[in-house]
Amino acid sequence: MPRSLLFSLLLLATLPLQAREWTSSDGRKIQGDYVSATAADVTVKIAGRDTRIPLSRLSAADQAWVKEQAGKPAGAGKPIEGPFAPLFTGDWALSKFKDLPFALYGAKELDASKKYPLVLVLHGKSPNDENGKQVGGWTKSFTTEAHYAKNPCIIVAPLCYQPFGITGSGWSAKPGTEAVAMVKELMKSLPIDKDRVYCVGYSMGGFGTCHLINAEPRLFAAGVAVAGCTGPETADTFKKVPLWLFHAADDSNVKVDYSRALAEALKRDKECKYTEYPTGGHGIVGKVFEEEEMHAWLFAKGGTVKK
């Protein structure tokens, strides 16, 4: 089945704003405009802000109403415009921001009248200097048909060009600064939900994820760091910006002690998580990004009504 058809079938209809009183499953009343819905949640504009609410937390009547809207024909979405519009091809498209090469993924069906999460993906240490090769298998986990239909988003994977990609300074140096500037530039012209900008990374990219979130905590809503992170002195940042750390106990490239120390400093924080695999070495990243729970956790951060 073509990706465009699957996207249309699984992503429920987006309709003009409709004022409505909503009832939560515990009886509370919420005033807000219906914006859009997916199979798992509904987006409601409350006090001018788009808020995602899981369907399971609404009354049976509201759930039925949302499903009814899904059966109505949707008008053509507003096309994405601006300098980055040509990159929305339904595949990875290559470009450059200042000195920073990057690959961007966005479905052609995305509607510029809506807002979408942005995922900044940071690769690990590598001698690669060819744009596009940084898009590895774990990066593509966000673009599988099942994941993308559930969480349509914009994914951007910059290349930590040389010499920074191999020296160890990596995302803590110029490429990291440019990556942040690039995200801010994308937000100016693309339909990005400013409350749902995420950063994920592996190895050097795990260190980079924590470094960039610590440097720009107001920019990011959450992060996932695999086999690399900053020290426990940065814990206060992640008490505000939730972080999920992953590491393997037998990692011989990056000692698990790094993640354990930060996890210990965050152990009383209910929003942060730490998963330690007993085995897997430094190559656990593929397993991590296959975790359905991880994807659900990440995309639920920012803009969703909290429990």
Side-chain angles (χ1 to χ4, degrees), residues 7-78 107 109-119 142 146-154 187 190-198 217-224 238-244 269-273 292-307:
F7 185 92
S8 299
L9 290 174
L10 295 182
L11 185 62
L12 304 184
T14 299
L15 302 173
L17 293 181
Q18 300 178 54
R20 181 176 173 81
E21 180 179 77
W22 304 83
T23 304
S24 65
S25 54
D26 61 4
R28 289 180 298 146
K29 302 294 184 182
I30 305 168
Q31 296 291 334
D33 296 334
Y34 171 76
V35 178
S36 63
T38 70
D41 53 49
V42 60
T43 298
V44 178
K45 189 175 289 294
I46 301 174
R49 177 175 175 176
D50 285 355
T51 302
R52 289 171 58 245
I53 305 174
L55 288 175
S56 60
R57 295 182 56 201
L58 293 175
S59 67
D62 280 339
Q63 291 185 44
W65 184 87
V66 170
K67 290 179 181 179
E68 181 183 344
Q69 307 314 301
K72 297 179 180 180
K78 180 181 177 182
E109 297 86 358
L110 294 186
D111 182 350
S113 67
K114 296 177 60 179
K115 298 291 184 181
Y116 298 93
L118 173 73
V119 184
F142 292 101
H147 284 155
Y148 203 80
K150 186 180 295 183
N151 295 302
C153 58
I154 298 168
M187 292 172 69
L190 294 178
I192 294 169
D193 185 343
K194 63 181 180 59
D195 295 319
R196 300 179 68 207
V197 177
Y198 309 121
R218 293 181 178 273
L219 178 61
F220 298 102
V224 175
F238 301 110
K239 292 175 182 177
K240 302 172 184 175
V241 183
L243 178 71
W244 193 339
D269 189 280
K270 295 180 180 179
E271 292 292 315
C272 293
K273 298 170 73 72
E292 295 296 331
E293 184 185 355
M294 185 278 295
H295 284 267
W297 178 90
L298 182 67
F299 284 100
K301 299 304 175 187
T304 299
V305 175
K306 295 182 178 180
K307 297 180 180 179

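Here the closest heavy-atom approach between residue Ala112 and residue Pro191 is recorded as O-CB, 3.8 Å. In plain terms, the two heavy atoms of Lys239 and Asp269 that are nearest each other are CA-OD2, 3.4 Å. Closest approach of Lys78 to Ser113, counting heavy atoms only: CB-N, 3.9 Å. Considering all non-hydrogen atoms of both residues, Ala221 and Pro242 come closest at O-CD, 3.3 Å. Taking each heavy atom of Trp297 and Leu243 in turn, the nearest pair found is CH2-C, 3.7 Å. Nearest heavy atoms, Tyr148 versus Cys153: OH-O, 2.5 Å.
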What's the verdict on side-chain contact (heavy atoms from CB on, under 4.5 Å) for Tyr116 and Leu110, showing C-alpha distance, side-chain angles and the deciding distance?
CA-CA 8 Å; Tyr116 298 93; Leu110 294 186; 3.5 Å; yes

Under the side-chain contact (heavy atoms from CB on, under 4.5 Å) rule, what do Lys114 and Thr43 come out as? Steps first, then yes or no, please.
CA-CA 10 Å; Lys114 296 177 60 179; Thr43 298; over 6 Å; no

Candidate pair Arg57 and Arg28, rule side-chain contact (heavy atoms from CB on, under 4.5 Å), full reasoning:
CA-CA 10 Å; Arg57 295 182 56 201; Arg28 289 180 298 146; 4.1 Å; yes

Trp244 and Glu293: side-chain contact (heavy atoms from CB on, under 4.5 Å), yes or no, with the steps?
CA-CA 11 Å; Trp244 193 339; Glu293 184 185 355; 3.8 Å; yes

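Rounded to the nearest 0.5 Å, atoms CZ (Arg218) and NZ (Lys240) are 8.0 Å apart. Atom NZ in Lys273 sits 12.0 Å away from atom CE in Met294 (nearest 0.5 Å). Of the inter-residue distances, the one linking Trp22 atom CH2 with Thr51 atom OG1 reads 12.0 Å to the nearest 0.5 angstrom.
In this structure a side-chain-to-backbone donor-acceptor pair under 3.5 Å is missing from Asp193 to Pro117. Checking side-chain atoms of Arg52 against main-chain N and O of Phe299 turns up a donor-acceptor pair under 3.5 Å. With hydrogens and angles ignored, the 3.5 Å screen pairs no side-chain donor or acceptor of Tyr198 with any backbone N or O of Val224.
Phe142 is listed as a side-chain neighbour of Leu298, based on a closest heavy-atom distance under 4.5 Å. Residues Val44 and Ile30 have side chains not in contact (no heavy-atom distance under 4.5 Å, counting atoms from C-beta outward).
Between His147 and His295, the angle of the ring planes stays under 30°, which puts this pair in the parallel group of the 30/60° scheme.
By the side-chain hydrogen bond (donor to acceptor under 3.5 Å, both in side chains) test, Lys270 is found to be paired with no residue, residues two or more places apart in sequence or in another chain being considered. Residues satisfying the ring-ring contact (aromatic ring centres under 6.0 Å, His included) test with Phe220, not counting sequence neighbours, are none. Partners of Glu292 under the salt bridge (charged side-chain N to carboxylate O under 4.0 Å, His left out) rule, at least two apart in sequence or in another chain, do not exist in this structure.
A side-chain contact (heavy atoms from CB on, under 4.5 Å) with Ile53 is found for one member of Asp62, Leu58, Asp41 and no other, namely Leu58.
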